Amino acid sequence: MRIFDPHIHMTSRTTDDYQAMYDAGVRAVVEPAFWLGQPRTSPESFVDYFDALLGWEPFRAAQYGIVHHCTIALNPKEANDPRCVPVLDELPRYLVKDSVVAVGEIGYDSMTPAEDTALATQLQLAADHGLPALVHTPHRDKLAGLRRTLDVVAESALPVEHVLLDHLNETTVGEAKDAGCWMGFSVYPDTKMDEDRMVAILKSHGPERVLVNSAADWGKSDPLKTRKVGDAMLRAGFDEDVVDQVLWRNPVAFYGLSGRLDLERAEPADVQHEGNSILRGGE
Amino acid sequence: MTHTTASPSSPPPTVDELRAALLACLAPPANAWLDGALTDAAEAAAAPAGAPPGRALPAWELRFAEAGRRCGAEDAADQARVLLLRTARPDATAVARLYRQGTAAERRAVLLALDHLDLAPADGLALVEDALRTNDTRLVAAAVGPYAGRHLDAHAWRHAVLKCLFTGVPVDAVAALEERAHGDGELARMLGDYASERTAAGRPVPDDLSRVLAVAGKAEES
């Protein structure tokens, strides 16, 4: 089973995690820029973090046979802190970098005017740089947040099919699908989605435009949830081709929209998909 | 993994030789891209010195950033970036900015090009020292090239050699190794101590250590 985790915060994880992920079949990850748990107090703190996503973390991943790309943005939570907002001026120089495959995580946390501004500004930056956008949907007041997000996306210059709405669940999947977005699901030990509910959603909505991620970070989370969903899908009767579509081909297609996804360095997993070794996304 | 580190015995390739080598290995679209990028770089070299306009990146610096996705293979991107740097001939301020605002691959290219840029030793050394503080072996390998061989002081150079041995960077990457190790009793002592530490821990002594120690030891006898 070859696995592409399209949303995982490896900066917060250990080398043991990288080894376990490789052993489980993970060969590629995307690390979205996000909050660190401890609030930042200046743009400089973001710059050091972004540099790590473009320097040390890909090097670390490569030691374990995993290809690392990232997304860059001012996250929704810190978009509310005036000390952090000037980092928006630094984003353009990062959005031209080779391994930046989307703008993200952007979106809503508490649905404030400051978040409105940051979201609209960064959707425009994505359009300007030929990048798709990874949009976080809020944990509180999720359905209202999803609808407001879709409105802002519709008003933006970015085509809806270049948007991945993440942290979806049973209450938000339908409207996200109808809007034409890519649909991301974060599978967690206690919160967000779990493996069996994920399988149920795949049965009712199908595998098209669906991405599954662990969103593992510094909180209670599990970097092997992608593999556990793959196993649950097989147990539920999905065939290997559908598992490969959800866990590999869909993330490759979405992030491939950037034209910057480089999977040439990815080692083959134990099971090749129909002998297909063409790993490079986009073009 | 080896990169475009010139071997100590061969003269570094000229700009024309670099371009010819890339012409042979790049696909036609990448070659066309490189032609355009080199035109931008040549225009930057011809422009009067001064601050770049506003916050916008100069055109050639954008090409420098995107070389990886345009050229495909890592080595080709390294060479394309080195070629752009040698063509644009940025001043010390711009070189420092390109390094400090660069991805690991861009920083590596700056380090590989250092010896061909017109920099005061202090300006280039600050970047070499920054790279030698990292644990990214690709940066460490690029940092110990001819520029470091010429300009690093004895203490920093010895630590650079030791860092290569610690992090598994082949000492073949170290420029001027034979000349600088020769007669360096302090380096021999450091290597000997490191070998003792490895042996005490029941770990093998890297072959490269014995190789450098032999050079330093021979010098002590002469």
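Atom set for the values below is all heavy atoms of this structure, side chains included, hydrogens, waters and symmetry mates excluded. Here is the naming used below: chain letters follow the sequence lines, and residue numbers restart at 1 for every chain. Because the structure is a prediction, the values reported are computed rather than measured.
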Measure up the A:His9 and A:His7 rings against each other and bin them: parallel (under 30°), tilted (30 to 60°), perpendicular (over 60°). perpendicular
Can you tell which part of B:Ala105 gets under 4.5 Å to a heavy atom of chain A, answering side chain, backbone, both or neither? neither
Using heavy-atom distances under 4.5 Å, tell me whether B:Thr134 contacts chain A through its side chain, its backbone, both, or neither. neither
Quick check on B:Arg107 against chain A: is it the side chain, the backbone, both or neither that has a heavy atom closer than 4.5 Å? side chain
Counting C-beta onward and ignoring hydrogens, is there a side-chain heavy-atom pair between A:Arg2 and A:Asp244 closer than 4.5 Å? yes
Inter- and intrachain pairs under salt bridge (Lys or Arg N to Asp or Glu O under 4.0 Å), touching residues 13-24 of chain B, at least two apart: B:Arg19-B:Asp35
Listed once per pair and sorted, the salt bridge (Lys or Arg N to Asp or Glu O under 4.0 Å) pairs that draw on residues 119-135 of chain A, sequence neighbours left out: none
